[in-house]
Enquirer: 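So that we are looking at the same thing, I have put the structure below in C-alpha cells.
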Amino acid sequence: LVFTEEDKYGLYSNLLFKYFLAEGIVCGHDLFVASAKEHPDSILKELPAPLLDDTYGKELEDEAAAIKSGDFQDSMKIAWRYQNLPKMETTPTTYTRFGHYYDVSKKMSPELCQSIKWHSFYLHEELSSEPKTKTCNMNSAYAKLLQSIQRIISQEGFDGSDPQKKQRNVLRIGIQSLGSILWGDDICCSDTPEDTHSLTKFLYVLRGLLRKSLSACIITVPAHLIQNKAIMERVTNLSDMVVGLESFIGSERETNPLYKDYHGLVHVHQIPRLNSLICDVSDTKDLAFRLKRKLFTIERLHLPPDLSDTVSRASKQDLAESAKLLSSGCGAMAIGKKHLDF
Amino acid sequence: QGKFTLLRDTRTDGSFLVHHFLSFYLRAGCKVCFVALLQSFSHYSIVAQKLGVSLAAAKERGQLVFLEGLKSCLDLLFGEEEQPGQPSPLQFLSGSTSDLRALFDFVRVSLTPADGDSWKGPVLLVDDLGVLLSLGASPVAVLDFIHYCRVSVCCQLKGNVVVLVHSNEDSEDEENELVVNSLCHHSNLILWAEGLATGFCKDVHGQIKIIKRLSLEQAGEQDLVQIYQYKIQDRNVTFFARGLSAAVL
C-alpha cells in the first residue's frame, strides 16, 4: 500500500499517480482507478507514453551526465516498490531494467490503453446507489469504494478464488485525492472532524484486501490540508510505504539558489518491511525531483558547487539552514532532530 | 510467570521484538495466542521460518492460536451473516458494541487449558495495540481489554502478556499516548526500541532500553535501566554496548 502525500497544488503527485497506472498498462496488469475529482476515463487518456529502449538511450547522451545511472535505478526503485502476496514481484523478463521510463510530453496511445482490462470508480456516478454491505460507521463514499474493489477482486479472481483461471494477473489500484472534501470526509477542513476514524478504517480494510489478493495500490492524499496530525500518524502506521512530495512552487525555496535545479523534494517517510526482519534502506535520505521537458526524475539532492567569490553572511545562513534540513532526513529507521555542530 | 511485558518503539520499527518473542515462546513450549492486527499470517510465518520456527506446524498441533486481524475484518464486512454461537472477535467494528469484550472472550477461550493440553504456561502476544484505536475503539475500551487480559492471563492462568505499541515524543495522537503511558505504569518489563537521536545510521539501527520495573514488585526499589544498541540482520539481531558497534571497532 503506497501512500503518497500530495504536494500543495497536486501537480507532481498527479504525475506520480499516472506513472503508476502507465506502468500497469505496459506490464499488462489490470487497472482499477477511483477518483472523486475527475472522471477515470479522462485520467486514463492523460497517461504518459512509454519510452522505447533506443529513444531513451539517446536522451541519456543528450543530458549532462550529472546523474549516475545507478542512482537513477535506486531512486526509481524506491518510488516503484510495492508489495503483493508472493510470486508477483518479478519484472517481465523482456525488460532488463526495473520498470519502464515514460515521456511526459506524449500521451499513451489509445490502443495500448485498450490492451488491458480496466475498471473505474467515479464517485459522483456511484452516489445514487446505496451500499449493500455493512458500513461499520464508515463514510459511505469509502464504504462504496471498498465494496467496489472487493467485488472486482473476487469477480476477476485476483484473490485466487477461481482455481480454473490459469493466468494470474496483478491488479493495480489507484485512488486519487482520498480524504479530500470531495469524498465527503471533513478531515481536510476542520481541526476536529466529525468522524476521525473513517479514513483509518478504510485503510485497514483496504490493507486486508490487498494482502488477500494479487494487488497493489497507490493512494494520493492532500496531506497538507489535514489539520489533525494524529490521523496522519495512524495512517502512516497502517501503510506499507509512505512518500511525501513537497514542491517548491509558491514557497520561499523556489528562489533559493540551492534548489534551483529541482522542482521539489521527495520525503520517504516509511519503507515496507514485509516478510523479513530488515527492510531495504538506501544510503541516502535526501531526494529531490524535477520535471524536465520529457522526463520526471527523482535524484539524490546535492548542493550545487559554491562558486561565488564573496560569500555574504546572508547566503551562509541559508546554507546552514539547508544543511540542517538535509541532515534531518526522514526514514523508517530514525529521524535526527539534533544538528551536530563541529 | 505472570508478567506483563510492554514493547514500545519510537521513531523506528520495533516489530523485530514481536518476531523474537513469538519464536521464543513457541520454542519454549508455551501455548501462544497471537492477536496479529497489522500483518498477514504469511508475513509472520516467513520471518519465523528464518528464526527457525514453523508457525503452520505450531498451529496444527494446537500450540498457536492465530487471530489474523486483517482477515477477520474482511470476513466481518464482506462475509455472510455470522452464526450466533461464534461472534467475530472484532465485533466492535460493526458498531453494535463499543467495547472489546468479544476480543477478550476470544483470548480467554484460546488460552484456557483444555483437557490433554501439556503446554507450559499460556502467553498472549498483541501486534499492535494502536491499530485498535485507529479502528475506532476508545482508549478506555482498549485499556479495559488489556486489564481483563492481565487478570485472566497473568493472574488466573499464570501466563505472560506481551504487547507492542508505538509512541512518539511530539506525537499529537493523544489517545495513543494515553494508552501507552498507562501501560508503562503497569508493566513489569519495558523494552523500548528507539531510533538514534543523531539520525539514521547504516550500522546501528537503533538503541533499546530495557527497563525492569522492580519498583512495582517491591516498595522502595528502583527500576533497573539498561541501554544497548542493535543492528538488525536478515536472520537475527545483534546487540552491543553503546558506541561499540562492529563498524566502529
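Numbers restart at 1 for each chain; the letters A, B, ... are given by sequence-line order, proteins then strands.
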Enquirer: Does atom CZ of B/Phe104 have more than 12 heavy-atom neighbours, drawn from other residues, nucleotides or ligands, at distances under 6.0 Å?
Expert: yes

Enquirer: So, taking the atom named OG in B/Ser40 and the one named CZ in A/Arg207, what distance separates them when rounded to the nearest 0.5 Å?
Expert: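 The OG atom of B/Ser40 sits 8.5 Å away from the CZ atom of A/Arg207.
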
Enquirer: Less than 4.5 Å apart, any side-chain heavy atom of B/Leu38 and any of A/Leu238?
Expert: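 B/Leu38 vs A/Leu238: side chains touch.
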
Enquirer: For B/Phe106, check ring-ring contact (aromatic ring centres under 6.0 Å, His included) against everything at least two apart and list the hits.
Expert: none

Enquirer: With B/Phe41, which residues qualify under ring-ring contact (aromatic ring centres under 6.0 Å, His included), at least two apart?
Expert: B/Phe66

Enquirer: Answer with side chain, backbone, both or neither: which region of B/Asp128 has an atom nearer than 4.5 Å to a non-hydrogen atom of chain A?
Expert: side chain

Enquirer: Quick one: do A/Asn237 and B/His166 satisfy side-chain contact (heavy atoms from CB on, under 4.5 Å)? Show the steps, please.
Expert: CA-CA 9 Å; A/Asn237 201 22; B/His166 302 291; 3.2 Å; yes

Enquirer: Check whether any side-chain heavy atom of A/Arg211 lies under 4.5 Å from a side-chain heavy atom of B/Gln39, and answer yes or no.
Expert: yes

Enquirer: Does any heavy atom of chain A fall under 4.5 Å from the side chain of B/Leu74, the backbone, both, or neither of them?
Expert: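 Side chain only.
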
Enquirer: Answer yes or no: is there a side-chain heavy-atom contact under 4.5 Å between B/Cys73 and A/Tyr204?
Expert: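 Touching, per the 4.5 Å side-chain cut-off.
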
Enquirer: Please check if atom CD in B/Glu60 has more than 12 non-hydrogen atoms from other residues, nucleotides or ligands closer than 6.0 Å.
Expert: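 No - once you tally the heavy atoms of other residues, nucleotides and ligands closer than 6.0 Å, there are 12 at most.
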
Enquirer: I need the single residue from B/Leu133, B/Leu135, B/Val131 that forms a side chain to side chain contact (heavy atoms under 4.5 Å, CB included) with A/Arg234. Which is it?
Expert: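 Among B/Leu133, B/Leu135, B/Val131, the one meeting side chain to side chain contact (heavy atoms under 4.5 Å, CB included) with A/Arg234 is B/Leu133.
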
